[in-house]
Trainee: 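Got a structure here, written out as structure tokens. Questions coming.
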Amino acid sequence: MTDLKALMTEAAEKVEETLDKLLPTGEGREARVFEAMRYSSLDGGKRLRPFLVLHAANLFGVSEASSLRAGAAVEMIHCYSLVHDDLPAMDDDDMRRGRPTCHKKFDEATAILAGDGLLTMAFEVLSHEDTHGDPAVRANLCLALARAAGAHGMVGGQMFDLAAENEQLGIGEITHLQRLKTGALIDVSCQMGAILGRASEPARQALHHYAHDIGLAFQIQDDLLDHESTAEELGKATQKDAAAGKATFVSILGLEQAKAQAAALVHQAIAHLSYFDDRGTVLANVARFIVDRRN
Ligand code: GRG
């Protein structure tokens with residue numbers, strides 16, 4: 001696991017560098033949105049999704065230059081979702097990644113525009129020839145990310161979540177919601193590595209099953225951390241769902257069963273990697289990290 005920590009730190013530095021180069025800078029009246037986009041995506045976060053892109057791509061010998069650009073694109077989508085999720089019209093949060101949320105630091109209109117800027121820039125990056133020489137690969141990356149981030153993926157999950165605010169969801173519905181809201185982006189991170197590497201169908205399926213399991217384990221751990229940690233430890237407000245009477249994996253399953261379920265999913269995720277033999281070790285360690293993480 002110390003190996004994984006070192007790998008994640010190294011990858012996060014490269015992702016930071018890539019984002020820094022890609023994100024806009026400049027003067028003039030539009031500079032405020034550049035600043036807000038940079039504020040919301042630089043210098044923070046675990047960079048889990050780009051790490052998955054990089055190490056899924058590594059299975060197929062993809063160049064780091066390509067996978068870093070794809071990783072930066074998925075991180076832009078993730079950061080946009082956090083900026084919009086924090087807005088008063090959604091979760092209304094003041095703190096994110098240990099500092100004021102984008103609309104607190106700037107203002108609501110700027111935060112909406114910063115999210116829009118990050119969302120659209122992700123597709124600009126993927127469709128640029130520096131990401132991959134083959135236009136069909138670039139088109140497939142755009143298609144996969146659009147599907148995962150859109151109304152049948154993350155946006156749909158967020159809508160489901162908002163629409164069910166005053167309902168007591170059961171385990172099946174919570175699982176469906178989280179597969180869309182959090183799972184879709186985790187899945188597409190792995191799939192983008194496979195697309196860049198023109199992976200075979202069985203390899204893609206193995207990654208898809210792996211991603212499905214770590215996506216759910218990630219969300220269960222998120223609920224566990226929300227229940228057990230402080231706002232200082234997580235860098236954001238905690239226990240908002242419980243205060244609002246919203247169902248979570250922890251409220252439905254209870255602490256012990258939620259932990260057991262997360263552990264079982266990690267075990268199952270690792271089993272799906274057997275397709276890749278020893279080459280799957282890093283991704284197996286990521287699965288373990290997901291339930292061991294403290295933030
Ligand atoms: C507003 C379209 C729209 C979507 C929002 C993903 C999402 C949908 C909202 C995020 C709200 C949230 C906190 C969900 C819980 C799971 C999650 C995505 C946590 C944050 O991801 P981490 O832990 O964050 O990878 P870092 O900061 O490490 O990048």
Trainee: Can Lys236 and Asp93 be counted as an ion pair, charged N to O under 4.0 angstrom?
Mentor: no
Trainee: Between Arg69 and His128, does a side chain to side chain contact (heavy atoms under 4.5 Å, CB included) hold up when you go through it step by step?
Mentor: CA-CA 10 Å; Arg69 287 179 64 93; His128 194 284; 3.2 Å; yes
Trainee: Write out all pairs satisfying salt bridge (charged side-chain N to carboxylate O under 4.0 Å, His left out) with one or both partners inside residues 37-53, taking only residues at least two apart or from two chains.
Mentor: Glu16-Arg47, Asp20-Arg38, Arg47-Glu75
Trainee: How many angstroms lie between CG in Asn285 and CG in Asp292, if you round to the nearest 0.5 Å?
Mentor: 10.0 Å
Trainee: Rounded to the nearest 0.5 Å, how far does CG of Leu177 lie from CG of Asp161?
Mentor: 4.5 Å
Trainee: In terms of side-chain geometry, is the basic nitrogen of Arg293 or Asp222 positioned less than 4.0 Å from the acidic oxygen of its partner?
Mentor: yes
Trainee: For a 4.5 angstrom cut-off between non-hydrogen side-chain atoms, does Thr238 reach Glu228?
Mentor: no
Trainee: Please list, chain by chain and in numerical order, all residues satisfying ring-ring contact (aromatic ring centres under 6.0 Å, His included) with His103, sequence neighbours excluded.
Mentor: none
Trainee: Looking only at atom types and distance, does a side-chain atom of Ser229 sit under 3.5 Å from a main-chain N or O of Asp226, one as donor and one as acceptor?
Mentor: no
Trainee: Measure the spacing between NZ of Lys105 and CG of Asp94 and express it to the nearest 0.5 Å.
Mentor: 14.5 Å
Trainee: Looking at Arg32 and Asp107, does any basic side-chain N land under 4.0 Å from a carboxylate oxygen?
Mentor: yes
Trainee: Checking one residue: Tyr39. Which other hydrophobic residues are in its cluster under the side-chain 4.5 Å linking rule?
Mentor: Phe106
Trainee: How close do Ala262 and Val291 get, counting heavy atoms only, and between which atoms?
Mentor: CB-CG1, 3.7 Å
Trainee: Below 4.5 Å, heavy atoms only, C-beta onward: do Gln178 and Phe218 meet side chain to side chain?
Mentor: no
Trainee: Just by distance, with hydrogens left out, do His208 and Asp187 show a side-chain donor and acceptor under 3.5 Å apart?
Mentor: yes
Trainee: With a 4.5 Å cut-off on side-chain heavy atoms, are Leu48 and His78 touching?
Mentor: no
Trainee: Output, in order, the C-alpha distance, side-chain angles, deciding distance and verdict of side chain to side chain contact (heavy atoms under 4.5 Å, CB included) for Leu180 and Met159.
Mentor: CA-CA 10 Å; Leu180 297 177; Met159 188 72 253; over 6 Å; no
Trainee: Looking only at heavy atoms, which two atoms of Ser41 and Leu118 are closest? And how far apart?
Mentor: OG-CD2, 3.7 Å
Trainee: In terms of heavy-atom contacts, does NE2 of His227 have more than 12 from other residues, nucleotides or ligands at under 6.0 Å?
Mentor: no
Trainee: Give, for atom OG1 of Thr18 and atom CG of Leu23, the distance between the pair rounded to the nearest 0.5 Å.
Mentor: 10.5 Å
Trainee: Does the side chain to side chain contact (heavy atoms under 4.5 Å, CB included) test come out yes or no for Ile186 and Ile214, once each step is laid out?
Mentor: CA-CA 8 Å; Ile186 288 180; Ile214 64 164; 3.9 Å; yes
Trainee: Measure the OG1-CD distance between Thr175 and Gln219 for me, rounded to the nearest 0.5 Å.
Mentor: 10.0 Å
Trainee: Can Glu233 and Thr230 be counted as having a side-chain donor-acceptor contact under 3.5 angstrom?
Mentor: yes
Trainee: Report the C-alpha separation of Leu82 and Ser40 in whole Å, then their side-chain angles, then the decisive distance to 0.1 Å, and conclude whether the side chain to side chain contact (heavy atoms under 4.5 Å, CB included) test is met.
Mentor: CA-CA 9 Å; Leu82 299 178; Ser40 310; over 6 Å; no
Trainee: Parallel, tilted or perpendicular: which one describes the rings of Phe51 and His55, with boundaries at 30° and 60°?
Mentor: tilted
Trainee: Got a sec, which residues hit side-chain hydrogen bond (donor to acceptor under 3.5 Å, both in side chains) with Gln261, two or more places apart in sequence or on another chain?
Mentor: none
Trainee: Distance only, no hydrogens: is a donor on one side chain within 3.5 Å (strictly under) of an acceptor on the other, for Gln158 and Asp85?
Mentor: yes
Trainee: Measuring only between side-chain heavy atoms, which start at C-beta, is Met37 closer than 4.5 Å to Leu42?
Mentor: no
Trainee: Taking atom CZ of Arg97 as the centre, report whether more than 12 heavy atoms of other residues, nucleotides or ligands fall under 6.0 Å from it.
Mentor: yes
Trainee: Is any side-chain heavy atom of Val188 closer than 4.5 Å to one of Ile77?
Mentor: no
Trainee: Does Glu30, at its CD atom, have more than 12 non-hydrogen atoms belonging to other residues, nucleotides or ligands within less than 6.0 Å?
Mentor: yes
Trainee: Report, one line per pair, each donor and acceptor closer than 3.5 Å where one atom sits in a side chain of residues 196-203; sequence neighbours left out.
Mentor:
| residue | atom | partner | partner atom | Å |
| --- | --- | --- | --- | --- |
| Arg198 | NH2 | Asp134 | OD2 | 2.6 |
| Ser200 | OG | Ala203 | N | 3.3 |
| Ser200 | OG | Tyr275 | OH | 3.4 |
| Glu201 | OE2 | Gln205 | NE2 | 3.2 |

Trainee: Assess whether atom NZ of Lys246 is packed by more than 12 heavy atoms of other residues, nucleotides or ligands within 6.0 Å.
Mentor: yes
Trainee: With rounding to the nearest 0.5 angstrom, report the OH to CD1 distance, Tyr80 to Ile112.
Mentor: 12.0 Å
Trainee: Could I get the full list of salt bridge (charged side-chain N to carboxylate O under 4.0 Å, His left out) partners for Glu10, not counting sequence neighbours?
Mentor: Lys14
